[in-house]
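Step one of this worksheet: look at the structure below.
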Amino acid sequence: MPKEGITPRAEDYSQWYLDIVRNADLADYAEVVRGCIVFKPTGYAIWEAIQRGLDERIKETGHVNAYFPLLIPKSFLMREAEHVEGFAPEVAEVTRGGGEELAEPYVVRPTSETIIGYFYAKWVRSWRDLPLLINQWANVMRWEMRTRPFLRTAEFLWQEGHTVHATEAEAERETLMILHDVYADFVEKEMALPVIRGLKTEKEKFPGALRSYCIEAMMQDGRALQAGTSHNLGQNFARAFDITFTDQHNTVQHAWTTSWGVSTRLIGALIMAHSDDEGLVVPPRLAPIQVVVVPIHKNDAERGPVMEAVARITASWKGRIRFKIDDRDNQTPGYKYNEWELKGVPVRVEVGPKDVEKGTVAVARRDIPGRAGKSFVAQEGLSERIEALLDEIQQGLYQRALRFQQEHTFAAATYDELKAGVERGFVRCYWDGSSDDEKRIQDETRATIRCIPLDQPGVAGSCIYTGRQTTQQVIFARAY
RNA sequence: CGGGGCGUAGCGCAGUCUGGUAGCGCACAGCGUUUGGGACGCUGGGGUCGGGGGUUCGAAUCCCUCCGCCCCGACCA
């Protein structure tokens with residue numbers, strides 16, 4: 001039975017999602033600011049966990065953090081033709097400052113390739129300055145027509161990496177390395193979310209990029225969510241911003257740049273991939289609180305021994321397990337169980353008078369809701385058992401999501417099969433069509449090519465639309 | 001941008017059709033009893049009815065107008 005206040009997932013997926021956001025206390029609508037949300041502490045803590053996991057990997061792979069201005073001269077956007085076409089409709093402008101009309105309007109950054117390109121042009125002189133590997137954690141703004149908490153908001157938080165290289169091959173290597181070693185690794189290992197790594201089609205690529213790679217994840221309604229992208233920008237932005245360097249042979253050359261980003265949209269992915277009718281489900285490795293301890297006592301006589309047991313049990317957890325002792329005395333245990341389940345804490349430990357007596361505790365796992373996931377275990381060796389359980393839950397969530405993805409990915413040989421398949425999940429098929437063909441299919445099915453997967457069969461087949469022979473397979477799906 | 005919905009206490013809503021001076025649940029405060037799956041009783045506090053204008057003896061309610069938010073769709077790194 002679903003929790004009070006949560007519309008069952010099977011009944012109305014979209015409403016279920018919004019109910020989780022509200023009931024897990026992740027965010028509030030900004031109300032007075034169109035299309036924006038307030039990240040409440042529970043939601044922001046998840047973002048901090050995501051930041052931690054990504055920042056570690058970004059730094060391990062040789063990048064450093066920096067910060068560039070929020071405002072960008074409007075003319076900068078115009079310098080790259082595809083870029084301005086892609087972003088102009090959704091930028092917010094600042095036209096006044098200090099009570100006066102500005103000589104040149106600024107835009108609030110929708111992404112920072114342009115302003116960073118301007119500075120990179122100043123900083124890069126020689127091949128010895130390369131590669132330049134910088135990341136920034138920032139907010140950006142895109143005046144989206146339709147917004148949804150976390151999935152698409154007018155203002156969102158993200159990281160955007162911007163690098164400069166001496167050769168095309170090096171830029172390509174960087175683009176793919178980020179995709180694999182930073183994004184896919186993080187999302188799969190920490191968020192327990194299997195992804196498909198692939199290349200975007202011409203129609204779906206980043207405005208101004210040579211090639212865009214992405215990781216695509218499947219949500220529980222079978223729709224796709226782009227969880228991260230990495231772009232090889234070629235020399236497009238280097239030409240637009242005049243990023244040049246002198247090579248070993250004293251020849252001046254345009255540099256090769258990349259950019260890559262993931263955003264607070266990942267919180268939306270987390271919700272839609274793992275949660276259930278009881279509330280949010282957070283994988284243990286990501287969870288800000290991995291274990292919540294609920295002490296149970298009726299009176300002061302019971303309180304002492306129970307709290308003593310709680311202190312003893314958790315004494316060795318510091319630095320090993322992220323935990324919280326919920327000793328609020330103005331809420332009943334039942335209320336607390338429900339609240340922590342809503343918030344997705346992976347494991348709950350209950351300690352009451354009976355446990356003190358028997359040397360046990362009750363352990364409830366969030367991935368198996370209700371009493372079914374609850375068992376009584378000895379206090380002896382509890383820390384180890386909980387660590388093992390957290391690991392088991394982490395693997396279990398990943399396997400469950402992987403199985404779901406596999407069971408909802410369909411091979412299609414005909415257009416009719418494609419149409420049927422995208423109603424329920426991903427469709428994998430041969431493709432040799434044009435951008436126009438892709439657009440027509442989108443109009444007819446609401447599905448788009450999410451990516452050209454990096455792992456290809458290597459044998460030919462016939463294109464689902466044109467019938468031409470090709471070795472290229474793509475993934476079609478409806479996307480968020 | 002098209003379609004729909006909503007704006008009344010912190011939150012969720014009723015009241016609007018048929019005008020008579022604002023109510024319910026939750027939350028909140030106090031007291032007491034409770035506490036192993038969303039506790040209960042009693043008492044109490046809290047409202048420019050989205051803004052402006054109009055009609056009327058009288059407007060949450062009728063009329064005009066503006067604004068905002070949400071949902072669906074289209075669009076979309």
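In the text below, chain A, chain B and the rest are named by the order of the sequence lines, each starting its count at 1. Both backbone and side-chain heavy atoms feed into the values below; hydrogens, waters and symmetry mates do not.
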So what does [X] hit on the nucleic acid, given a heavy-atom distance under 4.0 Å: a base, only sugar-phosphate, or nothing?
X: A:T147; answer: sugar-phosphate
X: A:W158; answer: base
X: A:K439; answer: sugar-phosphate
X: A:S14; answer: sugar-phosphate

Rounding to a whole Å, what distance do you find between [X]:[atom1] and [N]:[atom2]?
X: A:E444; N: B:A74; atom1: CD; atom2: P; answer: 14 Å
X: A:D443; N: B:A74; atom1: CG; atom2: C1'; answer: 10 Å
X: A:E144; N: B:C1; atom1: CD; atom2: C1'; answer: 14 Å
X: A:D25; N: B:A27; atom1: CG; atom2: P; answer: 16 Å
X: A:Y480; N: B:A74; atom1: OH; atom2: P; answer: 13 Å
X: A:R22; N: B:G12; atom1: CZ; atom2: C1'; answer: 8 Å
X: A:R148; N: B:C71; atom1: CZ; atom2: P; answer: 8 Å
X: A:R152; N: B:G73; atom1: CZ; atom2: P; answer: 12 Å

[N] versus [M] - spacing of their [atom1] atoms, nearest Å:
N: B:U48; M: B:C42; atom1: C1'; result: 33 Å
N: B:A22; M: B:G50; atom1: P; result: 16 Å
N: B:G32; M: B:C49; atom1: P; result: 39 Å
N: B:C28; M: B:G45; atom1: C1'; result: 9 Å
N: B:C69; M: B:C75; atom1: P; result: 23 Å
N: B:A59; M: B:C17; atom1: P; result: 14 Å
N: B:C76; M: B:G15; atom1: P; result: 42 Å
N: B:G44; M: B:U34; atom1: P; result: 24 Å

Item to complete: Just say parallel, tilted or perpendicular for the rings of A:F323 and A:W317, cut-offs at 30° and 60°.
Response: perpendicular

Discussion item. Here's one to test your reading of the geometry: is the NZ or CZ of A:R79 within 45 degrees of the ring axis of A:F76 and under 6.0 Å from its centre?
Written reply: yes

Fill in: Donor-acceptor pair between A:S259 and A:H162 side chains, under 3.5 angstrom
no

Discussion item. For a quick check under 3.5 Å, do A:T258 and A:T163 share a side-chain donor-acceptor pair by atom type?
Written reply: yes

Using both distances under 3.5 Å as the test, list the Watson-Crick or G-U wobble partner of [N], or none.
N: B:G7; value: B:C67
N: B:C13; value: B:G23
N: B:C62; value: B:G54
N: B:C28; value: B:G44
N: B:U33; value: B:A39

Worksheet item: When you measure from the side chain of A:R348 to the backbone N and O of A:V292, does any donor-acceptor pair fall under 3.5 Å?
Response: no

Discussion item. Could you check whether any side-chain N or O of A:N338 sits under 3.5 Å from a backbone N or O of A:Y335, counting only pairs where one atom can act as donor and the other as acceptor?
Written reply: no

Worksheet item: Under 6.0 Å from the NZ atom of A:K374, do we count more than 12 heavy atoms belonging to anything else shown?
Response: yes

Worksheet entry | Residue mapping more 5' on RNA chain B - nearest nucleotide basis, A:L18 or A:K203 | A:L18

Indicate every side-chain donor-acceptor pair of residues 214-227 of chain A with a distance under 3.5 Å to a residue at least two apart or in another chain.
from, atom 1, to, atom 2, distance (Å)
A:E216, OE1, A:R450, NE, 3.4
A:E216, OE2, A:K200, NZ, 2.8
A:Q220, OE1, A:R9, NH1, 2.4
A:Q220, NE2, A:M272, O, 3.1
A:Q220, NE2, A:A273, O, 3.4
A:Q220, NE2, A:S275, O, 2.9
A:D221, OD1, A:R223, N, 3.1
A:D221, OD2, A:Y480, OH, 2.5
A:R223, NH2, A:A479, O, 3.0
A:Q226, OE1, A:K200, NZ, 3.0

Practice prompt. Return yes if the base of B:C76 and the side-chain atoms of A:R142 contain a donor-acceptor N/O pair under 3.5 Å, otherwise no.
Written response: no

Fill in: Selected nucleotide, minimal atom distance to A:Q442 side chain, candidates B:C11, B:G73, B:C76
B:C76

Worksheet item: Which letter, B, S or -, goes with each nucleotide of nucleotides 29-41 of chain B from 5' to 3', with contact meaning a protein heavy atom under 4.0 Å?
Response: ------BBBBB--

Worksheet item: Under 6.0 Å between the ring centres of A:F150 and A:F39?
Response: yes

